[in-house]
Peer 1: 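One structure, as structure tokens, below. Some questions next.
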2 protein chains.
Amino acid sequence: MKNNNWIEEVIEALSDVVEYRTLAKGETLLAIGDVCNYVGRVDQGIMRMYYSNESNQDISFSFYLPGDVFTNYEGLLKEQVSTMEIQAMTAVRVTLLPKKELFALYESSFHWQKIGRLMSDAMFLHAKERIDFLLFLTPEQRYRYLMREQPQIIQLLSQKDIASYLGIQPQSLSRIKKRLALTN
Amino acid sequence: MKNNNWIEEVIEALSDVVEYRTLAKGETLLAIGDVCNYVGRVDQGIMRMYYSNESNQDISFSFYLPGDVFTNYEGLLKEQVSTMEIQAMTAVRVTLLPKKELFALYESSFHWQKIGRLMSDAMFLHAKERIDFLLFLTPEQRYRYLMREQPQIIQLLSQKDIASYLGIQPQSLSRIKKRLALTN
DNA sequence: CGTTTCATTGAACCGGATCAATTCTAGTGG
DNA sequence: CCACTAGAATTGATCCGGTTCAATGAAACG
């Protein structure tokens with residue numbers, strides 16, 4: 001999720017409780033069944049949040065590039081165990097804001113309450129984008145959109161991971177690429 | 001969108017600028033290209049918000065039953081012209097909160113700022129539900145889910161409208177129903 | 001009534017899913 | 001440096017379910 005620098009302000013305000021972590025490629029930050037108790041910001045590397053199916057055909061909800069804010073916001077709000085995993089796609093460095101202190105900050109003043117609303121608005125807009133992406137575009141259109149709007153994703157990640165973001169199987173992505181190559 | 005009674009409190013606070021409207025079945029409250037400048041609450045009847053395609057194959061984002069809160073929140077936040085329409089499915093009575101006064105109320109105190117955050121959180125959770133619905137369920141599963149969770153919708157609305165919520169064509173819904181009837 | 005919209009049904013089509021086999025690639029250890 | 005291995009990517013064949021186009025039947029409404 002993109003942010004408008006309010007995250008910097010929050011990190012500074014919570015500087016004494018902020019946690020910095022480095023993760024190796026493939027390492028899981030939040031597993032299914034855990035309760036998500038932080039909001040994170042990517043400093044270096046790429047993270048992803050995804051739904052994990054029984055087989056290994058998982059569906060990526062979103063990727064997060066440096067500067068992006070990530071959290072299982074639904075789990076945070078509902079105090080539910082997570083239905084999603086958050087994982088490092090590359091070697092990663094992240095800044096983590098503990099939920100307890102973050103929400104306490106919100107309660108401490110009008111200003112911070114407003115920051116909280118802005119964060120929630122940003123979460124909503126991000127989710128809304130994902131809806132439109134899935135609802136209106138065919139798999140092929142999604143891939144073209146991704147090539148146009150987020151070429152870094154395509155360059156840096158495997159076919160398998162890209163397919164999981166498009167909501168299709170790797171084989172189908174392979175065929176889509178072939179189709180597009182022919183019609184150019 | 002379901003609410004936790006914060007909407008009552010807001011309506012009361014804004015009672016001198018609240019607008020009540022009655023709409024006939026089929027009437028449009030917000031057209032594409034309009035700027036959405038209110039948050040509404042359904043008093044009686046059913047509303048829906050939907051994306052309108054060139055042909056009349058539109059996609060319903062959501063239906064709203066009495067008590068539900070509706071708004072093109074994305075358009076409200078981004079001050080964009082709407083890409084969705086909001087329409088009365090039946091004879092309807094709604095309460096409308098003008099955006100200007102609502103947002104001014106948010107700025108007036110810590111308490112109202114917090115109410116604003118809760119509203120934003122609710123918008124997010126609603127959008128998230130819709131994502132999961134579309135991402136994980138096949139059209140047939142979506143129909144079954146709807147039968148189980150929101151039977152009122154199925155009873156009260158036409159096949160055409162239900163299909164638009166499921167993200168499929170009316171013909172396909174017809175066949176799904178037939179299939180389910182056979183296997184019972 | 002008659003007209004219009006909705007719902008159903010049939011036939012052909014299409015694209016993604018699935019199962020399976022093969023190739024390609026990167027990383028590992030001898 | 002090469003051989004081996006495991007995972008990723010490609011390709012083929014087949015299947016399945018939703019789409020599309022078209023026709024018919026049913027219901028709603030003036």
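To find a chain, count down the sequence lines: A is the first, B the second, and so on, and within it residues start at 1.
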Peer 1: If I take atom CG in residue B/D161 and atom P in nucleotide C/dC6, what distance separates them, rounded to the nearest angstrom?
Peer 2: 8 Å

Peer 1: I'd like to know whether CD of A/E149 has more than 12 heavy-atom contacts from other residues, nucleotides or ligands below 6.0 angstrom.
Peer 2: yes

Peer 1: Ignoring backbone atoms, establish whether A/K178 has a side-chain N or O less than 4.0 Å from OP1 or OP2 of D/dT11.
Peer 2: yes

Peer 1: Looking at A/D132 and A/R130, is any side-chain nitrogen of the basic one under 4.0 Å from a carboxylate oxygen of the acidic one?
Peer 2: no

Peer 1: B/Q87 and side chain to side chain contact (heavy atoms under 4.5 Å, CB included): which single residue from B/M84, B/M89, B/E85 fits?
Peer 2: B/M89

Peer 1: Among the candidates D/dA8, C/dT8, C/dA17, find the nucleotide nearest to the side-chain atoms of B/Q171.
Peer 2: C/dT8

Peer 1: Could you tell me how far apart B/Y143 (OH) and D/dG17 (P) are, to the nearest whole angstrom?
Peer 2: 17 Å

Peer 1: Considering every strand and a 4.0 Å limit on heavy-atom distances, what is the contact class for B/P139: base, sugar-phosphate, or nothing?
Peer 2: sugar-phosphate

Peer 1: Let me know the distance between CD1 of B/I59 and C1' of D/dG18, rounded to the nearest Å.
Peer 2: 14 Å

Peer 1: If you draw a 6.0 Å radius around NZ in B/K78, do more than 12 non-hydrogen atoms from other residues or ligands fall strictly inside?
Peer 2: yes

Peer 1: If you check the B/R175 side chain, which of D/dT20, D/dG18, C/dG16 turns out closest?
Peer 2: D/dT20

Peer 1: Give me the ring orientation class for B/Y165 and B/F133: parallel if the planes are under 30° apart, tilted from 30 to 60°, perpendicular past 60°.
Peer 2: tilted

Peer 1: Whole Å only: how far is the CE atom of B/M89 from the P atom of C/dC6?
Peer 2: 10 Å

Peer 1: Rounded to the nearest angstrom, tell me the gap between atom CD in A/Q141 and atom P in C/dG16.
Peer 2: 10 Å

Peer 1: How many Å lie between CG on A/L157 and P on D/dA8, as a whole number?
Peer 2: 13 Å

Peer 1: Heavy atoms only, 4.0 Å cut-off, all strands: where does A/S158 land among base, sugar-phosphate and nothing?
Peer 2: sugar-phosphate

Peer 1: Can you tell me the distance, in whole Å, between the CG atom of A/L166 and the P atom of D/dA9?
Peer 2: 13 Å

Peer 1: Look at the side-chain N and O atoms of B/Q159 and state whether any lies under 4.0 Å from the OP1 or OP2 oxygen of C/dT8.
Peer 2: yes

Peer 1: Could you check which of D/dT10, C/dT8, C/dA7 has an atom nearest any side-chain atom of A/S174?
Peer 2: D/dT10

Peer 1: Between atom CD in A/E140 and atom P in C/dG15, what is the gap in whole Å?
Peer 2: 8 Å

Peer 1: Look at the side chain of A/R179 against the base of C/dG15 and say whether a donor-acceptor pair falls under 3.5 Å; ignore hydrogens and angles.
Peer 2: no

